[in-house]
Each structure stands twice: as C-alpha cells, then as structure tokens.
Amino acid sequence: MARIPTARLATYGQVAELLGAWGRARQVGWALRRLPLPTPIPWHRVVNARGSITMTPSREGSDWIQRDLLVAEGIPVDARGRVPLARFRWDPPLPLVF
DNA sequence: AAGTTGACCTCAT
DNA sequence: AATGAGGCCAACT
C-alpha cells in the first residue's frame, strides 16, 4: 500500500492482486481492520470496487477518518462516501512475487 | 469441530 | 440503482 502515490486510489482487490493473492480482497479488508491508528501506512487510499469508502459502524469511525484524509489530499468525497475512482485510480506497475 | 462473520468482488437479475 | 447469489478465507464463536 505504501506504493500507492499520494492522491491516488486503489481497490481492495487491486492490493490483493499486488500481493499475488487474486480474489482475496476480503483478507485485505481483514488486515486493514486491524491496523493500529495512526499509522504511516496510507491505508486511506484503498476503497471498494464500487468506488466508495465502505461506510459501516463496525469500523468504529475509521471510515470517517478515511474521508477526512482523502479530502485533505484533494480527493472529493460525496455525502454517501463515493469517490471519483475512475479519475484517481492507480495502476500498479508490477505484481509482487515472492 | 461446525457455523458465523466480515473495511470484498463479479455477475446476474 | 438496488438486491441477491456465489465465491473468497482467516478469525472468532
């Protein structure tokens, strides 16, 4: 995730692919849920494939923090958490191979 | 040990 | 636009 440039967006699925874990977007979400905040990892640049911040009470506020961080980077977020994914999507250069 | 729960995704109504 | 089905799989009951 640290590879995602400032003011660019990636999806959970993209991050999974980058790890060589195609189809395992859920596990990316699992990992992010566990991130201790604050963290230097730019977790806020990861949104869902529908192009929005996943807004749910189970995130205990990190969804709203994500909103603030994205707006602070210049990425607009509407009232329902939608972001212009098509415009800001980051295309990873190469998958990681271990 | 079996069933449930998610910061998910794609495809089909 | 909004659901629903099915797939995914580590953790947690």
Side-chain angles (χ1 to χ4, degrees):
Chain A
M1 280 187 303
R3 297 180 171 203
I4 308 174
T6 301
R8 303 297 298 281
L9 300 169
T11 66
Y12 296 92
Q14 270 185 281
V15 174
E17 271 189 67
L18 207 57
L19 294 167
W22 192 88
R24 296 177 212 188
R26 282 197 106 121
Q27 279 67 0
V28 174
W30 177 89
L32 293 203
R33 195 177 65 214
R34 247 140 248 269
L35 272 179
L37 299 181
T39 170
I41 299 174
W43 54 273
H44 58 284
R45 301 185 186 134
V46 182
V47 299
N48 62 41
R50 307 191 319 263
S52 67
I53 295 171
T54 300
M55 306 291 296
T56 163
S58 74
R59 289 184 59 174
E60 301 177 342
S62 78
D63 43 2
W64 293 98
I65 296 174
Q66 182 171 15
R67 178 198 197 79
D68 289 345
L69 292 172
L70 287 180
V71 169
E73 285 190 353
I75 297 181
V77 185
D78 77 9
R80 285 189 286 170
R82 293 182 41 85
V83 295
L85 180 55
R87 224 169 34 240
F88 292 96
R89 160 112 60 177
W90 171 66
D91 301 294
L94 287 176
L96 291 180
V97 180
F98 294 105

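Quick note on labels: first sequence line is chain A, next is B, and so on, each numbered from 1.
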**Message:** Please evaluate residues A/Arg82 and A/Ile53 with respect to the criterion side chain to side chain contact (heavy atoms under 4.5 Å, CB included), reporting the C-alpha separation (whole Å), side-chain torsions for both, the decisive distance (0.1 Å), and the verdict.
**Reply:** CA-CA 6 Å; A/Arg82 293 182 41 85; A/Ile53 295 171; over 6 Å; no
**Contact state string [nucleotides 1-7 of chain C, B base, S sugar-phosphate only, - no protein heavy atom under 4.0 Å]** = -S----B
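Along DNA chain B, the stretch of nucleotides lying under 4.0 Å from any heavy atom of chain A spans, 5' to 3', B/dG6 to B/dT10.
No donor-acceptor distance shorter than 3.5 angstrom exists from the side chain of A/Glu17 to the backbone of A/Gln14, with no hydrogens or angles considered.
Side-chain atoms of A/Trp90 and A/Arg3, non-hydrogen and from C-beta on, do get closer than 4.5 Å to each other. Considering only heavy atoms from C-beta on, A/Pro5 stays 4.5 Å or farther from A/Phe88 through its side chain. By the 4.5 Å heavy-atom criterion applied to side chains, A/Thr11 and A/Asn48 are not counted as neighbours.
For the contact set between residues 47-59 of chain A and DNA chain C, defined by any heavy atom under 4.0 Å, there are no members.
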Using distance only, find each side-chain donor-acceptor pair of residues 31-41 of chain A under 3.5 Å and give its atom names and separation, not counting sequence neighbours.
residue : atom : partner : partner atom : Å
A/Thr39 : OG1  : A/Ile41 : N            : 3.1

Side-chain donor-acceptor pairs of residues 65-73 of chain A under 3.5 Å, sequence neighbours excluded:
residue : atom : partner : partner atom : Å
A/Gln66 : OE1  : A/Arg59 : NH1          : 3.2
A/Gln66 : OE1  : A/Arg59 : NH2          : 2.9
A/Gln66 : NE2  : A/His44 : O            : 2.9
A/Gln66 : NE2  : A/Val46 : O            : 2.8
A/Arg67 : NH1  : A/Asp78 : O            : 3.3
A/Arg67 : NH2  : A/Asp78 : O            : 3.1
A/Glu73 : OE1  : A/Ala7  : N            : 3.0
A/Glu73 : OE1  : A/Arg45 : NE           : 3.2
A/Glu73 : OE2  : A/His44 : NE2          : 3.0
A/Glu73 : OE2  : A/Arg45 : NE           : 3.2
A/Glu73 : OE2  : A/Arg45 : NH2          : 2.7

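Residues A/Trp64 and A/Trp43 do not share a hydrophobic cluster, defined by chaining ILVMFWY side chains whose heavy atoms lie under 4.5 Å apart. By the criterion of side-chain heavy atoms lying less than 4.5 angstrom apart, applied directly or through intervening Ile, Leu, Val, Met, Phe, Trp or Tyr residues, A/Ile75 is grouped together with A/Met55 in one hydrophobic cluster.
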Close N/O contacts between protein and nucleotides 10-13 of chain C (under 3.5 Å):
residue : atom : partner : partner atom : Å
C/dC12  : OP1  : A/Arg34 : NH1          : 3.4

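Taking atom P in both C/dG6 and B/dA7, the straight-line distance is 23 Å, to the nearest Å. For the P atoms, the distance from C/dA5 to B/dT4 is 16 Å, rounded to whole Å.
With values rounded to the nearest 0.5 angstrom, A/Gln27 atom CD is found 11.0 Å from A/Leu19 atom CG.
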